[in-house]
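Pasting a structure below so you can have a look.
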There are 2 protein chains.
Amino acid sequence: MRTLSDRQLGMLHFIRQYLGEHGRPPTVREIGLAVGISSTSVVDYNLRGLERDGHLRRAKELSRGIELSDRGRGASPGPSIPVLGFIAAGEPIEAISDPSDTVEVPQRFVEEGCFALRVKGRSMIDDHIDDGDVVIVKPQDSADDGEIVVALLTNGPSNEGEATLKRIYRNGNRVRLQPANAEMEPIHVDAKDLRVQGKLVSVIRSIG
Amino acid sequence: MRTLSDRQLGMLHFIRQYLGEHGRPPTVREIGLAVGISSTSVVDYNLRGLERDGHLRRAKELSRGIELSDRGRGASPGPSIPVLGFIAAGEPIEAISDPSDTVEVPQRFVEEGCFALRVKGRSMIDDHIDDGDVVIVKPQDSADDGEIVVALLTNGPSNEGEATLKRIYRNGNRVRLQPANAEMEPIHVDAKDLRVQGKLVSVIRSIG
DNA sequence: CATAATTGGGAACATCCGTTCTGTGCCAAT
DNA sequence: ATTGGCACAGAACGGATGTTCCCAATTATG
């Protein structure tokens, strides 16, 4: 996934704000005015980028045809938590450049301090977690056997930790991290080289 | 207060539905098309009436400048909605005997009047909807091709309608209902024998 | 360095869309 | 019968709006 430019971030932020304030999407020219773009073609150009990356959808040839993909529309936002990044079994969490990407979630997840990650790819398909799904993770430093956890490998090849989403199985002080994909091999690590960051508590999929 | 004419009632209803469906207000011409008014001036005329009675507000000279007043939106009682029953592709909705089964959902689903169904069995596994998942359904009477809908077959073998969850594909006035399971055959019915009750908007899975 | 790709600006175009004007039929009050 | 208000239809005006074309500046890319 590409990183969003400052302009696109600003546009996304303005669209969300405008929607909440007026209950209708802004026009291309209103967006341009708000983020300091004099030409409608440039707004259109960046809207294409945002649409391609799935941040919004557009109805062709229709005034105010912008529709934000995930988050609730307008009037009363409701409880929401930020989406911290992308995760895919076997790959590190990508830092996300869009701080305004949030999902609306049930209240209790907010109360429990959960965070959200957007699933990239279909590497967790055996658990029926599809590309684009949002997983809700409750922070905790331990987990029972067979639970799906966000695990941080502290002693990997790179010094930086890598976080992955996998099922966890303990065997003495050896730990097996089982991917949710039949074609991927499990990872075996020492218990001391692993830190559980949280446990998967919910999967939320938005259609359309 | 004056009593609203049938036309004004229909317009108000359409505006509310359009807003929920598209996230933006309709244009004058879209309203006219929906309620069977050929002239934009008549729509404008009735919109004036609705505005005068406080049912909505209008921004002057602005495309899609209609905004429903609070009275038009309907209240939002709480953060959870009841699970109405079980559903499985190909089988009717079972009435549920446990009225205490509710799911906590994002606020906007409540505002949009959604209801929830608990998935029974793995007959929708091709869409990665697992046994025990909760599907959130937004009430609407139409759907685009390929969308997953709750469809009511009004002219089935039994006189009572049967509701199923399937992907919908239109072909003239024939409709194909495609199950989400490779081992199940699609159903073909006349468009007049089918009523779309709602569209699948979200899947929520709780772990543990 | 040369070339292409990306990002942006300005203007023009076709259509969308709110508004207004004119006219018609209906109905009740005068 | 005449008047006036109401609900409506059709057409047209003008501004709003999405889209596209052409060109410039910047940044990769070979």
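Throughout, protein chains are lettered first and strands after them, A, B, ... in sequence-line order, and every chain is numbered starting at 1. Just so you know, these numbers come straight off a predicted model, no measurement behind them.
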What is the distance, to the nearest angstrom, from the OH atom on A/Tyr45 to the C1' atom on D/dC22?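 Going from OH in A/Tyr45 over to C1' in D/dC22 covers 16 Å.
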Donor-acceptor pair between A/Gln178 and A/Tyr169 side chains, under 3.5 angstrom: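 A/Gln178 vs A/Tyr169: no donor-acceptor pair found between side chains.
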What's the CG-P distance between A/Leu47 and C/dG8, to the nearest Å?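 The distance from CG of A/Leu47 to P of C/dG8 comes to 12 Å, rounded to the nearest Å.
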Nucleotide D/dC6, atom C1' - distance to CD of B/Gln8 in whole Å: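 After rounding, the reported distance stands at 12 Å.
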Would you please confirm or rule out a distance under 4.0 Å between OP1 or OP2 of C/dC16 and any side-chain N or O of B/Thr27?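 Negative; the distance criterion is not met.
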Would you indicate, yes or no, if D/dG18 has its OP1 or OP2 atom less than 4.0 angstrom from a side-chain nitrogen or oxygen of A/Arg64?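 So the side-chain polar atoms of A/Arg64 never come under 4.0 Å of the phosphate oxygens OP1 or OP2 of D/dG18.
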Does any part of the side chain of B/Ile129, heavy atoms only, come nearer than 4.5 Å to the side chain of A/His128, both counted from C-beta?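 Counting from C-beta outward, A/His128 and B/Ile129 never come under 4.5 Å.
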d(CE, A/Met11; C1', C/dG8) in whole Å: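 Going from A/Met11 (CE) to C/dG8 (C1'), I get 13 Å.
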Is A/Asp127 paired with A/Arg167 through a side-chain N to carboxylate O contact shorter than 4.0 Å?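 Salt bridge flag = yes for A/Asp127 with A/Arg167.
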What is the distance, to the nearest angstrom, from the CD1 atom on A/Ile37 to the P atom on C/dG9?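 Going from A/Ile37 (CD1) to C/dG9 (P), I get 7 Å.
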Roughly how far, to the nearest 0.5 Å, is the CG atom of A/Leu68 from the CG atom of A/Leu50?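 Nearest 0.5 Å value for the CG-CG distance: 9.5 Å.
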Go through C/dG9, C/dT19, D/dG10 for me and flag the one nearest to the B/Arg58 side chain.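 Output: C/dT19.
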Is the shortest distance from a Lys or Arg side-chain nitrogen in A/Arg29 or A/Asp44 to a carboxylate oxygen in the other one below 4.0 Å?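 Salt bridge absent between A/Arg29 and A/Asp44.
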Per-nt protein contacts along nucleotides 20-26 of chain C (heavy atom under 4.0 Å; B base, S backbone sugar-phosphate only, - none) come out as BB-----
Which comes earlier along DNA chain D counting from the 5' end, the contact point of B/Asn46 or that of A/Leu62, where each point is its nearest nucleotide?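 Here B/Asn46 is the residue nearer the 5' end.
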Whole angstrom value for the distance that separates P of C/dC17 from OH of B/Tyr18: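 Going from OH in B/Tyr18 over to P in C/dC17 covers 8 Å.
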Spatial distance of atom CG (B/Leu200) from atom CD1 (B/Ile148) [nearest 0.5 Å]: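 Between atom CG of B/Leu200 and atom CD1 of B/Ile148 there are 5.0 Å.
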Classify the side-chain pair A/Ser63/B/Arg64 by whether it contains a donor and acceptor separated by less than 3.5 Å.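 A/Ser63 vs B/Arg64: donor-acceptor pair found between side chains.
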Whole angstroms only, please: what is the CD1-P distance between B/Ile31 and D/dA9?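 One finds 14 Å between P of D/dA9 and CD1 of B/Ile31, rounded.
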Is it the case that the base of C/dG18 and the side chain of B/Arg29 share a donor-acceptor contact (distance under 3.5 Å, atom types as modelled)?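 Present.
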By nearest heavy atom, map A/Gly36 and B/Val28 onto DNA chain C; which one lands nearer the 5' end?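 By nearest-heavy-atom nucleotide position, the 5'-most residue is A/Gly36.
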In whole angstroms, how far is the P atom of C/dG18 from the CG atom of B/Leu56?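 Roughly 13 Å, once rounded to whole Å.
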